[in-house]
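Notes follow the structure.
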Amino acid sequence: MSKKISLALLYAAVAYVIYRHGEELVAWFQAPNSIALVILAATAMALFPVIPYPVVGGVIGAAFGPVLGAAITWAGSTAASLLMFLFVRYGYQEWGERMLYRYERLGKVTVLFERNAFLTILFARLIPFIPSIVINAYSALSRVSFAAYAASSALGKIPAMLLFAFVGDTLMTEPGAVWLTIGIYGGFLAVTLLAYRQWKRSKEPVQSDRNA
């Protein structure tokens with residue numbers, strides 16, 4: 001409980017700093033030749049999520065606009081996922097196994113992962129119910145190739161990164177339109193969830209036949 005309270009206080013402090021110094025942060029991001037540095041900063045913030053990544057994406061979106069901001073946020077998030085994958089697969093597998101031990105629902109994911117790792121990772125990225133670090137570690141400990149993991153992760157991260165950047169830009173330009181952006185993403189999420197459930201259902205009979 002104390003850990004959750006500490007985390008909530010930290011997030012509240014971050015929100016207060018952004019509220020008070022948001023314009024200065026946006027100005028710093030917009031400095032000449034800063035895109036490479038911002039991508040590096042976004043990567044570091046995704047690897048070490050002291051600040052919630054939607055907040056990072058929102059600030060970047062406010063600084064660079066929805067399209068470029070989404071691209072920068074996506075590049076940072078994708079780079080962090082690839083680094084974490086390599087980190088676990090080639091150096092710290094025991095750490096990855098200890099972390100995954102906390103998540104009891106991975107048994108169902110394992111069945112789907114064995115059927116089609118690419119689509120499982122893609123849906124896991126599109127439907128933000130599983131923490132990113134779990135997807136990274138689980139994939140690294142599996143037999144999925146780096147190329148398949150990189151492609152599915154990169155594609156799956158696009159909608160969420162677009163949402164973060166659009167919300168950040170909209171808050172700066174047209175605050176009243178934020179709910180429209182969130183509503184569109186909600187509709188997309190509902191369709192994706194429906195497609196995932198249909199795909200999951202289509203795999204269950206195959207698995208049952210195997211066990212018969």
Side-chain angles (χ1 to χ4, degrees), residues 3-89 91-92 95-96 99-100 102-103 121 124-140 149-150 152-172 178 181-182 185:
K3 186 177 179 181
K4 292 181 179 179
I5 293 174
S6 300
L7 195 60
L9 291 174
L10 175 62
Y11 284 178
V14 170
Y16 176 76
V17 170
I18 292 174
Y19 173 75
R20 289 296 302 270
H21 304 284
E23 292 183 3
E24 290 89 337
L25 284 171
V26 170
W28 181 79
F29 280 156
Q30 290 176 328
N33 304 316
S34 67
I35 291 181
L37 290 176
V38 174
I39 292 175
L40 286 175
T43 302
M45 290 177 183
L47 280 171
F48 308 101
V50 176
I51 301 174
Y53 207 71
V55 175
V56 175
V59 173
I60 294 174
F64 292 96
V67 178
L68 181 56
I72 292 170
T73 308
W74 170 84
S77 179
T78 301
S81 293
L82 299 183
L83 288 172
M84 180 62 70
F85 177 94
L86 296 172
F87 174 86
V88 174
R89 173 162 287 187
Y92 295 89
W95 175 85
M99 187 192 61
L100 292 180
R102 306 174 196 169
Y103 294 88
I121 296 170
R125 297 294 190 194
L126 289 172
I127 305 170
F129 297 153
I130 305 175
S132 181
I133 192 172
V134 174
I135 302 170
N136 300 337
Y138 188 91
S139 301
Y149 169 78
S152 56
S153 288
L155 287 172
K157 283 177 175 289
I158 291 174
M161 299 305 114
L162 280 170
L163 172 69
F164 301 158
F166 267 93
V167 167
D169 178 69
T170 304
L171 283 172
M172 296 291 291
V178 167
T181 303
I182 295 175
Y185 179 75

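Positions are given from 1 along the sequence. Quick note: numbers below take in every heavy atom, side chains included, and nothing from hydrogens, waters or symmetry partners.
No more than 12 heavy atoms of other residues, nucleotides or ligands shown are found within 6.0 angstrom of OH on Tyr92.
In this structure, OH on Tyr185 lies 6.5 Å from CZ on Phe164, to the nearest 0.5 angstrom. Atom CZ of residue Phe166 and atom OG1 of residue Thr170 lie 7.5 Å apart, to the nearest 0.5 angstrom. Of the inter-residue distances, the one linking Ile121 atom CD1 with Tyr138 atom OH reads 10.0 Å to the nearest 0.5 angstrom. Here CG of Leu155 is found 8.5 Å from CH2 of Trp74. Values are rounded to the nearest 0.5 Å. Separating the CD1 atom in Ile158 from the OG atom in Ser153 is a distance of 11.5 Å, to the nearest 0.5 Å.
Looking at heavy atoms from C-beta onward, Ile135 lies in side-chain contact with Ser139 at the 4.5 angstrom threshold.
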(message) Working note: Ile72 + Ile35, criterion side-chain contact (heavy atoms from CB on, under 4.5 Å); need CA distance, chi angles, decisive distance, verdict.
(response) CA-CA 8 Å; Ile72 292 170; Ile35 291 181; 4.1 Å; yes
(request) Begin from the C-alpha positions of Asn136 and Tyr149 and carry the test side-chain contact (heavy atoms from CB on, under 4.5 Å) through to its verdict. (result) CA-CA 9 Å; Asn136 300 337; Tyr149 169 78; 2.6 Å; yes
(request) Please test Arg125 against Ser81 for side-chain contact (heavy atoms from CB on, under 4.5 Å), starting from the C-alpha separation and ending with a verdict. (result) CA-CA 11 Å; Arg125 297 294 190 194; Ser81 293; 3.6 Å; yes
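Smallest separation of non-hydrogen atoms from Ser77 and Lys157: OG-NZ, 2.7 Å. Considering all non-hydrogen atoms of both residues, Thr43 and Ala80 come closest at O-CB, 3.7 Å. A pairwise comparison of heavy atoms in Ala165 and Pro66 identifies CB-O, 3.5 Å as the closest pair. Across all non-hydrogen atoms, the minimal contact from Gly69 to Phe64 is N-CB, 3.9 Å. Here the shortest heavy-atom pairing between Val88 and Gly96 reads CG1-CA, 4.2 Å.
Ring geometry for Phe87 versus Trp95: interplanar angle over 60°, hence perpendicular rather than tilted (30 to 60°).
For the pairing with Ile60, the side chain to side chain contact (heavy atoms under 4.5 Å, CB included) check across Asp169, Ile39, Thr73 returns one residue only, Thr73.
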